[in-house]
Amino acid sequence: MKITQLLFPTLREEPSDAEVISHKLLMRAGMIRRTAGGIYTYLPLGLRVLKKISQIVREEMDRAGGQEVGLPTVQPRELWDMSGRWQLYGDEMFRLKDRHQRDFCLGPTHEEVITTLIDGDVHSYRDLPLLIYQIKDKFRDEIRPRYGLLRGREFIMKDLYSFDVDSDGLEISYRKMYEAYSKIFERMGLTFRVVEADTGAIGGNESHEFMVLAGSGESKIVFCDTCHYSANVEKAESLPQEKPSVLDFPSIEMISTPDVRTVEDVVKSLGVSPSQVIKTLIYVTDDQGYAVLIRGDRELNELKLSNYLQGAELALAPENVVKELVGASIGSVGPVGLNLKILADFEIQNMTEAVCGANQESQHLIHVLPGRDFVPHAYIDLRNVQGGDPCPHCKGLLNEIRGIEVGHIFKLGTKYSQAMDAWFLDEKGNKSHFVMGCYGIGVSRIMAAAIEQKHDQNGIVWPMAIAPFQVLIVPVNIKDEEQARHAFAIYESLIQNGVEVLLDDREERAGVKFKDADLIGIPLRLTIGSRALKEGKVELKKRWEAESELVSLEEIAGQISSLISQYN
RNA sequence: CGGGGUGUAGCGCAGUUUGGCUAGCGCGCCUGCCUUGGGAGCAGGAGGUCGAAGGUUCAAAUCCUUUCACCCCGACCA
């Protein structure tokens with residue numbers, strides 16, 4: 001491809017509405033343009049990257065035994081009523097009506113369609129297992145789309161669904177996908193980590209996320225420095241410690257604490273450390289209030305709380321509700337003598353000289369001893385794990401890093417096949433529900449995640465495997481007859497060798513071309529200049545290295561080929 | 001949905017507080033000259049319903065009302 005024929009509108013300045021680096025660089029490099037909030041147009045260069053990513057995904061899915069299909073984007077309401085998700089999905093679903101006023105949605109995911117399909121055409125255990133996938137646009141009307149391609153409302157996703165006769169079969173399918181996913185991200189040249197994850201709204205009982213590591217990532221993950229444990233903090237477990245043998249502790253005492261509201265205030269006015277404070281949060285569900293206790297230096301993990309309450313919708317109680325339930329304002333709430341169901345984090349039971357609110361205005365309690373002065377309904381794991389915490393599986397310590405979720409695999413079990421009554425006959429002739437798994441990869445998200453991980457001050461640094469082109473040829477001065485001749489000759493010969501090559505044939509000054517070259521991040525750059533040409537050489541620069549090297553004209557083709565296969 | 005902010009040329013912005021001539025600047029774009037190893041220089045030029053609608057006024061980018069879009073923080077999430 002010649003640049004003069006390419007739709008390639010690079011920008012010198014950053015678009016003002018882009019916040020994260022991938023969004024800025026995708027815009028500046030002329031790879032995407034915004035069409036509406038969270039909805040983007042892919043320009044030629046961007047689309048080439050997406051095709052590369054899709055192709056790697058496709059190859060590995062096929063290799064793992066997957067079969068590609070095309071499920072519809074527009075899906076009828078009836079399908080979603082069967083699983084109950086027409087109601088459950090809420091405002092996040094793009095809904096539309098046809099001319100007969102029938103309800104449809106733009107598919108946010110495809111469990112319903114695929115389950116119906118398989119139910120209709122697969123009736124025997126002899127036809128299982130099946131791994132069915134597709135790569136297509138998905139639609140989710142996000143509350144707040146942001147970060148460019150990282151959180152769009154229309155995005156490209158690969159989703160595969162596995163159908164097995166039993167949970168042993170599911171285990172095998174799940175394993176296959178786990179391996180295939182690892183292969184995919186390895187091939188893409190991305191640094192990633194697999195973590196245990198919460199199963200969330202999709203349901204199921206085991207789940208892993210594939211995280212591309214990047215400091216700007218939205219997800220916090222922890223991993224053990226000694227064993228293989230790693231998990232999303234949403235899911236990461238924290239252990240209850242040994243309970244210290246209780247000896248003699250001073251009795252509880254009430255003290256006056258005017259203007260003390262936050263943990264920070266308590267620390268300041270009483271001279272204690274945050275880890276001595278019991279933070280009491282009042283949560284309400286539809287029908288009940290709870291007092292949730294967590295150490296003052298910790299964060300509550302609402303997901304863990306919600307899971308403990310069987311997925312109940314819960315929210316922090318507003319001030320007036322707290323007053324009504326407790327009789328004191330938010331800053332003075334505590335567990336002692338409280339007439340609410342109390343749920344305490346494991347760590348609470350090991351506290352000895354604790355401080356908490358007294359449930360009376362501007363009063364706090366000191367010398368509080370959990371178990372003696374109050375007894376929670378349950379001690380459970382409620383806090384967010386942090387770096388430095390002990391590993392739940394060994395003696396190691398947990399490290400904390402950030403990542404971008406690019407893949408997620410779930411064991412669904414029979415959740416959907418039961419809801420939609422999708423079954424087959426087993427070898428004994430009995431009706432049996434399909435045991436399912438679902439496996440997603442965010443194709444368009446990977447394009448952004450790769451940039452978050454692979455960029456420098458000057459622009460994108462694409463890994464070879466997903467770069468829009470493998471080689472960029474830059475003649476310093478295209479008007480120089482000799483340079484032009486060599487540039488075109490090298491261009492033609494590389495094409496002959498099957499190399500994906502872009503030629504910057506613009507009549508621009510060298511600086512402009514170099515800036516654009518760095519910006520769009522093509523891995524290998526061949527610079528054709530008069531100095532090196534005099535020696536029969538051209539300059540070869542790897543985008544990820546600072547220095548370039550001289551290569552003789554005869555050796556170019558060989559060098560390029562070996563570099564491509566080395567880094568691909 | 002709650003809180004905050006921004007809409008002026010393709011991109012980045014000034015001008016709005018305190019209404020006033022033909023609405024400006026940088027970059028990009030077009031023409032010519034010149035230049036060609038890290039976003040050159042000179043000369044000329046094109047490009048605007050000042051987000052939209054309504055109102056106040058002799059006069060509105062500027063004041064008032066309504067509305068739309070986008071961005072940030074929060075609740076949500078692959």
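A note on names: the letters A, B, ... follow the listed sequences, proteins ahead of strands, and every chain is numbered from 1.
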Using a strict cut-off of less than 4.0 Å between a Lys/Arg side-chain nitrogen and an Asp/Glu carboxylate oxygen, indicate whether A/Asp381 and A/Lys304 qualify as a salt bridge.
yes

N/O donor-acceptor pair, side chain [X] with base [N], under 3.5 angstrom:
{"X": "A/Arg28", "N": "B/G28", "result": "no"}
{"X": "A/Arg146", "N": "B/G74", "result": "no"}
{"X": "A/Glu14", "N": "B/G12", "result": "no"}

Determine the interatomic distance between [atom1] on [N] and the same-named atom on [M]; round to the nearest Å.
{"N": "B/C11", "M": "B/U16", "atom1": "C1'", "result": "22 Å"}
{"N": "B/G15", "M": "B/G74", "atom1": "P", "result": "29 Å"}
{"N": "B/G38", "M": "B/C50", "atom1": "P", "result": "43 Å"}
{"N": "B/U8", "M": "B/G48", "atom1": "P", "result": "15 Å"}
{"N": "B/U18", "M": "B/A23", "atom1": "P", "result": "24 Å"}
{"N": "B/C27", "M": "B/A59", "atom1": "C1'", "result": "34 Å"}
{"N": "B/A46", "M": "B/U56", "atom1": "C1'", "result": "37 Å"}
{"N": "B/A78", "M": "B/C64", "atom1": "P", "result": "44 Å"}

Tell me which nucleotide among [options] gets nearest to the side chain of [X].
{"X": "A/Arg144", "options": "B/G74, B/G12, B/G37", "value": "B/G74"}
{"X": "A/Glu508", "options": "B/G38, B/G39, B/C29", "value": "B/C29"}
{"X": "A/Ser16", "options": "B/C71, B/G38, B/C13", "value": "B/C13"}

Applying a 4.0 Å non-hydrogen cut-off, can you work out what [X] is touching in the nucleic acid: base, sugar-phosphate, or nothing?
{"X": "A/Gly38", "value": "nothing"}
{"X": "A/Asp480", "value": "nothing"}
{"X": "A/Glu92", "value": "sugar-phosphate"}
{"X": "A/Lys513", "value": "nothing"}
{"X": "A/Glu19", "value": "sugar-phosphate"}
{"X": "A/Pro15", "value": "sugar-phosphate"}
{"X": "A/Gly442", "value": "nothing"}

Please give, in whole Å, the distance from [N] [atom2] to [X] [atom1]?
{"X": "A/His23", "N": "B/C11", "atom1": "NE2", "atom2": "P", "value": "13 Å"}
{"X": "A/Glu507", "N": "B/U36", "atom1": "CD", "atom2": "P", "value": "14 Å"}
{"X": "A/Tyr147", "N": "B/C77", "atom1": "OH", "atom2": "P", "value": "16 Å"}
{"X": "A/Glu234", "N": "B/A78", "atom1": "CD", "atom2": "P", "value": "8 Å"}
{"X": "A/Lys479", "N": "B/C33", "atom1": "NZ", "atom2": "P", "value": "9 Å"}
{"X": "A/Tyr89", "N": "B/C77", "atom1": "OH", "atom2": "C1'", "value": "9 Å"}
{"X": "A/Phe410", "N": "B/C77", "atom1": "CZ", "atom2": "C1'", "value": "11 Å"}
{"X": "A/Arg531", "N": "B/G38", "atom1": "CZ", "atom2": "P", "value": "8 Å"}

If pairing requires Watson-Crick or G-U wobble contacts with both distances under 3.5 Å, which nucleotide is the partner of [N]?
{"N": "B/U22", "result": "none"}
{"N": "B/G44", "result": "B/C30"}
{"N": "B/A9", "result": "none"}
{"N": "B/C63", "result": "B/G55"}

Is there aromatic stacking of A/Phe155 on B/A78 here, judged by a ring-centre distance under 5.5 Å and a plane angle under 30°?
yes

Using heavy atoms to find the nearest nucleotide of RNA chain B for A/Arg445 and A/Phe514 separately, return the residue whose nucleotide is more 5′.
A/Phe514

The answer to which of A/Asp518 and A/Glu209 contacts RNA chain B further toward the 5' end, by nearest nucleotide, is A/Asp518

Candidate list A/Asn301, A/Val222, A/Asn232, test side chain to side chain contact (heavy atoms under 4.5 Å, CB included), partner A/Val385, passing option
A/Val222

A/Lys138 to A/Phe155 six-membered ring, cation-pi geometry met (6.0 Å, 45°):
no

Given the rule in the side chain to side chain contact (heavy atoms under 4.5 Å, CB included) test, do A/Leu293 and A/Lys279 qualify, once you have shown the distances and angles that lead to the verdict?
CA-CA 6 Å; A/Leu293 309 185; A/Lys279 192 157 58 171; over 6 Å; no

So among A/Phe185, A/Phe210, A/Tyr439, which one has a ring pair (Phe, Tyr, Trp, His ring centres under 6.0 Å) with A/Tyr178?
A/Phe210

State which residue, out of A/Trp80, A/Phe139, A/Phe94, fulfils the ring pair (Phe, Tyr, Trp, His ring centres under 6.0 Å) condition with A/Tyr89.
A/Trp80

Determine whether the side chains of A/Arg175 and A/Ser173 contain a donor N or O and an acceptor N or O closer than 3.5 Å.
no

If only side-chain N and O atoms of A/Arg509 are considered, is one of them under 4.0 Å from the OP1 or OP2 phosphate oxygen of B/A40?
yes

Taking only N and O in the side chain of A/Arg151, is any of them less than 4.0 Å away from OP1 or OP2 of B/C77?
no

Measure centre to centre between the rings of A/Tyr40 and A/His23, then say whether the value is under 6.0 Å.
yes

